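Worksheet: the structure to be examined is printed underneath.
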Amino acid sequence: MRMRRKRNLDERLSAVSDYIIERTILDLNMKTSVEKKDYIDYMQVFGNGNRVELEIGCGKGLFITELAKRNPNVNYIAIEMLSNVIVEACEKAQKANLSNVRFMIIRAECLQSYIPEHTVSRIYLNFSTPLPQKGYEKQRLTHRKFLEIYSKLLVDGGEINQKTDSKSLFEFSIAEYSQSGFLLKDISLDLLNSDCKNNIMTEHERKFVQMDMPIYRIVAYLPDKREDR
């Protein structure tokens, strides 16, 4: 079901425009638009050279704003496809007066057009749509076509932190990571009853916990090539 457009959406987006990195490549053809580049200047956006982390699919921003509060010396970029959703994330960041988080309204396929290669330390995939239907595998955010994009964005030793309530997506992701050159660690079949510390819940996660559903977690990381030298 299509989400109803929020009331006064344009006005609300305008009020939080300082938190939104504008999409400058307006080519609607995905095949040609990803070949165009307009890289984000981190120094210009954040005013410092702190490391950068990225959340893909930030929803209403509960996770990324809390993460930014806890880590003021890390810069965060969060993306979401829908302005109808991301406006609430921006409003949370604005209310908390956060200077280390910015948002973009783009698809994950477009990341290479804006994020410079090998500049992201960590990627967060929190409760991505599992798309369990047959034939939708290539649209899952842990399909190898996306992992190829992430591997170009991540620094040596960079990692992906993934949480999901879907066992099938969890198993699919493990296979895709392994076949795409990622190593795995901190695998959990029941996050809340594990020894994982400082877990920050998303809006979806809170609902799943109330329903007593297990949360699966994986950390996939790239080998640090410097260790081979």
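Only this structure's heavy atoms are used, side chains among them; waters, hydrogens and symmetry mates stay out. Just so you know, these numbers come straight off a predicted model, no measurement behind them.
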Between [Y] and [X], is there a side-chain heavy-atom distance shorter than 4.5 Å?
X: Arg206; Y: Leu62; result: yes
X: Val120; Y: Val155; result: no
X: Val45; Y: Ile40; result: yes
X: Leu189; Y: Lys167; result: no
X: Val52; Y: Ser121; result: no

Would you find more than 12 non-hydrogen atoms of other residues, nucleotides or ligands less than 6.0 Å from [X] atom [atom1]?
X: Glu148; atom1: CD; result: no
X: Tyr136; atom1: OH; result: no
X: His204; atom1: NE2; result: no

In this structure, would [X] and [Y] fall into the same cluster of hydrophobic residues linked by side-chain contacts under 4.5 Å?
X: Met213; Y: Phe127; value: yes
X: Ile187; Y: Ile123; value: yes
X: Ile106; Y: Leu141; value: yes
X: Tyr42; Y: Tyr76; value: no
X: Ile86; Y: Ile21; value: no

Determine, stepwise, if the pair Leu131 / Gln133 fulfils side chain to side chain contact (heavy atoms under 4.5 Å, CB included). CA-CA 6 Å; Leu131 297 167; Gln133 305 94 324; 4.2 Å; yes

[X] and [Y]: which non-hydrogen atoms are nearest, and at how many Å?
X: Arg102; Y: Phe46; answer: CG-CE2, 3.8 Å
X: Leu184; Y: Ser178; answer: CD1-OG, 3.8 Å
X: Ala108; Y: Ile56; answer: CB-CG2, 4.0 Å
X: Arg217; Y: Asn161; answer: NH2-ND2, 3.8 Å
X: Ser173; Y: Thr142; answer: OG-OG1, 2.7 Å
X: Asn50; Y: Pro72; answer: ND2-O, 4.4 Å

Exam field: side chain [X] to backbone [Y], donor-acceptor pair closer than 3.5 Å:
X: Ser17; Y: Ser14; result: yes
X: Asp41; Y: Met43; result: yes
X: Glu137; Y: Gly135; result: yes
X: Lys37; Y: Val34; result: yes
X: Lys6; Y: Asn84; result: yes
X: Tyr19; Y: Leu98; result: yes
X: Ser113; Y: Lys36; result: yes
X: Thr119; Y: Pro116; result: yes
X: Asp165; Y: Tyr216; result: no
X: Ser128; Y: Leu125; result: no

How long is the span from the [atom1] atom in [X] to the [atom2] atom in [Y], to the nearest 0.5 Å?
X: Glu205; Y: Ile215; atom1: CD; atom2: CD1; answer: 5.0 Å
X: Cys58; Y: Glu203; atom1: SG; atom2: CD; answer: 9.0 Å
X: Thr65; Y: Glu91; atom1: OG1; atom2: CD; answer: 12.0 Å

Tell me, with the steps shown, if Glu159 and Arg122 meet salt bridge (Lys or Arg N to Asp or Glu O under 4.0 Å). CA-CA 5 Å; Glu159 63 183 45; Arg122 183 174 292 138; 2.9 Å; yes

Please, which pairs that meet ring pair (Phe, Tyr, Trp, His ring centres under 6.0 Å) have at least one residue in residues 79-118, sequence neighbours excluded?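 Not a single pair qualifies under ring pair (Phe, Tyr, Trp, His ring centres under 6.0 Å).
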
For a side chain to side chain contact (heavy atoms under 4.5 Å, CB included) check, start with the C-alpha distance between Ile77 and Ile115, then their side-chain angles and the critical distance, and finish with the verdict. CA-CA 10 Å; Ile77 294 175; Ile115 305 294; 4.1 Å; yes

State, without any angle test, whether [X] and [Y] hold a side-chain donor-acceptor pair at a distance under 3.5 Å.
X: Asn48; Y: Asn75; answer: yes
X: Ser168; Y: Ser166; answer: yes
X: Gln162; Y: Tyr177; answer: yes

Between [Y] and [X], is there a salt bridge with N-O shorter than 4.0 Å?
X: Glu176; Y: Arg144; result: yes
X: Arg5; Y: Asp10; result: yes
X: Glu80; Y: Lys60; result: no

Would the Phe182 and Tyr150 ring centres measure less than 6.0 Å apart?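 Centroid separation for Phe182 and Tyr150: 6.0 Å or greater.
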
With a 6.0 Å cut-off on ring centres, are Phe63 and Tyr124 close enough?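 Centroid separation for Phe63 and Tyr124: below 6.0 Å.
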
Is there a side chain to side chain contact (heavy atoms under 4.5 Å, CB included) between Cys110 and Ile25? Walk through the geometry before answering. CA-CA 9 Å; Cys110 299; Ile25 299 171; over 6 Å; no

For the pair Asn126 and Thr202, evaluate side-chain hydrogen bond (donor to acceptor under 3.5 Å, both in side chains) and give the outcome as yes or no after the intermediate values. CA-CA 8 Å; Asn126 291 317; Thr202 70; over 6 Å; no

Which one of Glu53, Glu55, Lys69 satisfies the side-chain contact (heavy atoms from CB on, under 4.5 Å) criterion with Ile64?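 So, applying the side-chain contact (heavy atoms from CB on, under 4.5 Å) to Ile64 and each of Glu53, Glu55, Lys69, only Glu55 qualifies.
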
Could you tell me whether Lys185 sits above the aromatic face of Tyr221, with NZ or CZ closer than 6.0 angstrom to the six-membered ring centre and within 45 degrees of the axis?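 Because its charged atom sits under 6.0 Å from the ring centre and within 45° of the axis, Lys185 does stack over Tyr221.
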
Is it the case that Arg140 places NZ or CZ above or below the six-membered ring of Phe146, under 6.0 angstrom from the centre and within 45 degrees of the axis?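 No, a cation-pi geometry is absent between Arg140 and Phe146.
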
Apply side chain to side chain contact (heavy atoms under 4.5 Å, CB included) to the pair Ile218 and Lys163, showing each step before the final yes or no. CA-CA 7 Å; Ile218 322 167; Lys163 292 194 289 186; over 6 Å; no

Candidate pair Arg70 and Glu66, rule salt bridge (Lys or Arg N to Asp or Glu O under 4.0 Å), full reasoning: CA-CA 6 Å; Arg70 296 186 187 185; Glu66 179 59 30; 2.9 Å; yes

